[in-house]
Amino acid sequence: MEYILYEQKGAYAVITINREKALNALNSQVLEELDATLEAVDLSTVRALVLTGAGAKSFVAGADIGEMSTLTKAEGEAFGKKGNDVFRKLETFPLPVIAAINGFALGGGCEIAMSCDIRICSDNAVFGQPEVGLGITPGFGGTQRLARLVGAGYAKQMIYTARNIKAAEALRIGLVNEVYSAEVDAEGNVVKSAQEVMLAAAEKMAAGIAKNAPIAVRNCKKAINEGLDVDMDAAIVIEEKLFGDCFETQDQQYGMAFFLDKNKDKVKEPFKNA
Ligand code: DAK
């Protein structure tokens with residue numbers, strides 16, 4: 001792989017979009033490699049993913065404008081489908097995905113972050129949907145996912161104005177869950193950069209998720225995602241089915257037996273994903 005790094009760290013893995021010279025812009029090759037990386041994740045051992053961008057300056061500065069500039073209508077549609085398919089794969093992936101956002105998350109960069117389950121960022125992060133300034137609409141789900149995440153009012157403001165927002169504003173409107181700053185010592189020297197602090201937090205969160213019962217976590221993701229697309233009556237039925245699906249699993253039986261066991265010296269074993 002030229003543009004994707006994949007590192008498994010125990011029960012979670014970190015995927016890094018590694019095209020730093022172009023600020024990690026998404027061209028066809030990046031999208032194809034990301035798709036292949038997701039296909040190859042070992043679901044028997046990996047229980048959460050972190051998605052980030054190489055370098056401190058940019059998470060993903062959007063779809064590759066150079067590649068897009070010469071596309072015909074048919075090629076544009078094919079490029080859009082490639083992007084949409086991989087973004088949807090992330091969104092419906094059977095593991096939680098945490099976007100660890102460093103620097104620019106513009107256009108397709110903001111959209112790929114929104115396809116992840118959870119977004120956290122460093123304090124230099126910049127978010128925006130600049131597409132209308134380029135003569136196009138957001139095409140990787142931006143008009144849909146941004147409105148669902150932050151509400152139609154802020155989504156319309158961001159999309160119509162094409163104005164970028166900084167990390168603090170992204171936090172205020174609920175686009176990200178947390179913003180991390182550099183760690184400094186008493187003399188004001190940077191001990192850890194904001195990106196290092198943020199990545200460590202993302203990995204800690206992934207490791208924490210990975211300790212919980214995998215089938216239950218997977219079913220929670222499915223219930224939340226699928227439930228948000230239907231009315232409450234149908235959503236509750238989705239929840240019931242996925243709740244029922246956890247029963248008779250080893251993890252449900254072990255988790256409940258562990259709670260009921262009155263032996264104070266017992267030590268919780270890792271869930272078996274079975
Ligand atoms: N594409 C290609 N190259 C990019 C890029 C991008 N989106 N963003 C940056 N680069 C490249 C620059 O061209 C430059 O390359 P060299 O000149 O060094 O070869 C290098 O990265 C460094 O960038 P700058 O020199 O511009 O760096 P600055 O610090 O001055 O500025 C910036 C950073 C992020 C403010 C600036 O690079 C910028 O404005 N970038 C473009 C951001 C943008 O507009 N992004 C949205 C792209 S549109 C579709 C589906 C989806 C989409 C479209 C269609 N369909 C369904 C069909 C999605 C569209 C988008 O994402």
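First listed ligand is number 1; within each ligand, the first listed atom is number 1. Worth knowing before you read on, the calculation uses all heavy atoms, side chains too, and leaves out hydrogens, waters and symmetry mates.
- For ligand 1, the 4.0 Å heavy-atom shell takes in Lys21, Ala22, Leu23, Ala25, Lys57, Ala61, Gly62, Ala63, Asp64, Ile65, Met68, Gly76, Gly80, Phe104, Leu106, Gly107, Gly108, Pro130, Glu131, Leu134, Ile136, Gly139, Phe140, ordered by chain and residue number.
- Lys221 places a side-chain N or O within donor-acceptor distance of the main-chain N or O of Leu95, the cut-off being under 3.5 Å.
- Between Met158 and Leu146 there is a side-chain heavy-atom pair separated by less than 4.5 Å.
- In this structure, Asn124 contributes its side chain and Ala56 its backbone to a donor-acceptor pair below 3.5 Å.
- Put simply, the side chain of Lys268 never gets that close to the backbone of Gly255: no donor and acceptor are under 3.5 Å apart.
- Counting only distance, with no hydrogens or angles, the side chain of Glu75 and the backbone of Thr72 share a donor-acceptor pair below 3.5 Å.
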- request: For Glu169 and Arg163, run salt bridge (charged side-chain N to carboxylate O under 4.0 Å, His left out): C-alpha distance rounded to whole Å, both residues' side-chain angles, the deciding distance at 0.1 Å, then the answer.
  value: CA-CA 12 Å; Glu169 193 173 351; Arg163 189 179 67 83; 3.4 Å; yes

